[in-house]
Student: 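The structure that follows is given in the form of structure tokens.
Along the sequence shown, residues carry numbers from 1.
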Amino acid sequence: MNKYKYLYLFWLLPAAFLFLTLHQGLVYYGITDTYENGESYTAEVVEFEFKQIAAQTNGYIVLRFSTGDNDEIKRKLSLPVEMAGGLQDIRVVPIRYNPGAMQEIVLMPTFETQKNLIWTNALMASVALLITFFVGLAAHRFASNKMNESDEELVIERVD
């Protein structure tokens, strides 16, 4: 059993970054679809919480709104710090709602910020994908060379 074969597991890292990049693409598609095809409503902010704990900052917002069918919808949405700042003092938020979409609710005041965050995340994941891909190629080549070296049959000759 050769210990160098475990270096091939390094390919899981670029695969994870590829997944993250594709996921951000789907999120971007979801919010633009809701923004373009959803219906406009005004939602009442039922609850808003913004937490700052050392290096961790996040928050959430609970929205309540009525659709054209008189259905009352109440949703809790998580907010990154970049989006929470623009919503702190607002009690009524304009939204776009597209039931059944990947991203059902888009907050109109933070739409551009959300798009920029998605682009930033996708770009960082893509750069990490490229870096780990090339490191993976080097690791793959190294593992192949080491495994080929150890596969050579050892021939012992007796010289008397």
Student: Mind checking what makes side chain to side chain contact (heavy atoms under 4.5 Å, CB included) contact with N116, not counting sequence neighbours?
Tutor: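 Side chain to side chain contact (heavy atoms under 4.5 Å, CB included) list for N116, sorted by chain: empty.
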Student: Could you list who else is in Y35's hydrophobic cluster, with ILVMFWY side chains joined at under 4.5 Å, directly or through other members?
Tutor: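 Hydrophobic cluster check, Y35: joined to V27, Y28, I31, V106, M108, F111, I118, W119.
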Student: My understanding is that only residues two or more places apart in sequence, or in another chain, count here; which of them pass side chain to side chain contact (heavy atoms under 4.5 Å, CB included) with T67?
Tutor: Y41, F65, D69, D71, I73, Y97
Student: Name all residues meeting the salt bridge (Lys or Arg N to Asp or Glu O under 4.0 Å) criterion together with E39; count only those two or more places apart in sequence or in a different chain, and write none if there are none.
Tutor: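 Salt bridge (Lys or Arg N to Asp or Glu O under 4.0 Å) list for E39, sorted by chain: empty.
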Student: Identify, with sequence neighbours excluded, every residue that meets ring-ring contact (aromatic ring centres under 6.0 Å, His included) alongside Y8.
Tutor: H140
Student: Residues in ring-ring contact (aromatic ring centres under 6.0 Å, His included) with Y60, at least two apart?
Tutor: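 For Y60 there are no ring-ring contact (aromatic ring centres under 6.0 Å, His included) partners, ignoring immediate neighbours.
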Student: Heavy atoms, side chains only, cut-off 4.5 Å: are V93 and T42 in contact?
Tutor: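 Not touching, per the 4.5 Å side-chain cut-off.
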Student: Among pairs that include at least one residue of residues 102-119, which meet salt bridge (Lys or Arg N to Asp or Glu O under 4.0 Å), considering only residues two or more places apart or in two chains?
Tutor: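 Non-adjacent pairs meeting salt bridge (Lys or Arg N to Asp or Glu O under 4.0 Å): R75-E104, E112-K115.
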Student: Do Q114 and Q103 touch side chain to side chain, with heavy atoms closer than 4.5 Å?
Tutor: yes
Student: Run the side-chain contact (heavy atoms from CB on, under 4.5 Å) test on T34 and I105 for me, step by step, so that the C-alpha distance in whole Å, both residues' side-chain angles and the decisive distance to 0.1 Å come before the verdict.
Tutor: CA-CA 7 Å; T34 300; I105 298 175; over 6 Å; no
Student: Return the set of residues passing side chain to side chain contact (heavy atoms under 4.5 Å, CB included) with L9 (not counting sequence neighbours), or none when no residue passes.
Tutor: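 In terms of side chain to side chain contact (heavy atoms under 4.5 Å, CB included), with neighbours along the sequence ignored, L9 is linked to Y6, L12.
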Student: Quick one: salt bridge (Lys or Arg N to Asp or Glu O under 4.0 Å) pairs with a partner in residues 133-142, sequence neighbours left out?
Tutor: none
Student: Taking the hydrophobic residues Ile, Leu, Val, Met, Phe, Trp and Tyr, and joining any pair whose side-chain heavy atoms are under 4.5 Å apart, which ones share a cluster with L26?
Tutor: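 Members besides L26, by chain and number: Y29, M102.
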Student: Other members of the hydrophobic cluster containing V159, with the 4.5 Å side-chain heavy-atom rule, please.
Tutor: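 So far as hydrophobic clustering goes, V159 is joined with none.
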Student: Could you go through the side-chain contact (heavy atoms from CB on, under 4.5 Å) check for T110 and L79 one step at a time?
Tutor: CA-CA 10 Å; T110 61; L79 294 173; 5.8 Å; no
Student: Who passes side chain to side chain contact (heavy atoms under 4.5 Å, CB included) against F142, sequence neighbours left out?
Tutor: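 Partners of F142 under the side chain to side chain contact (heavy atoms under 4.5 Å, CB included) test: Y4, L7, K146.
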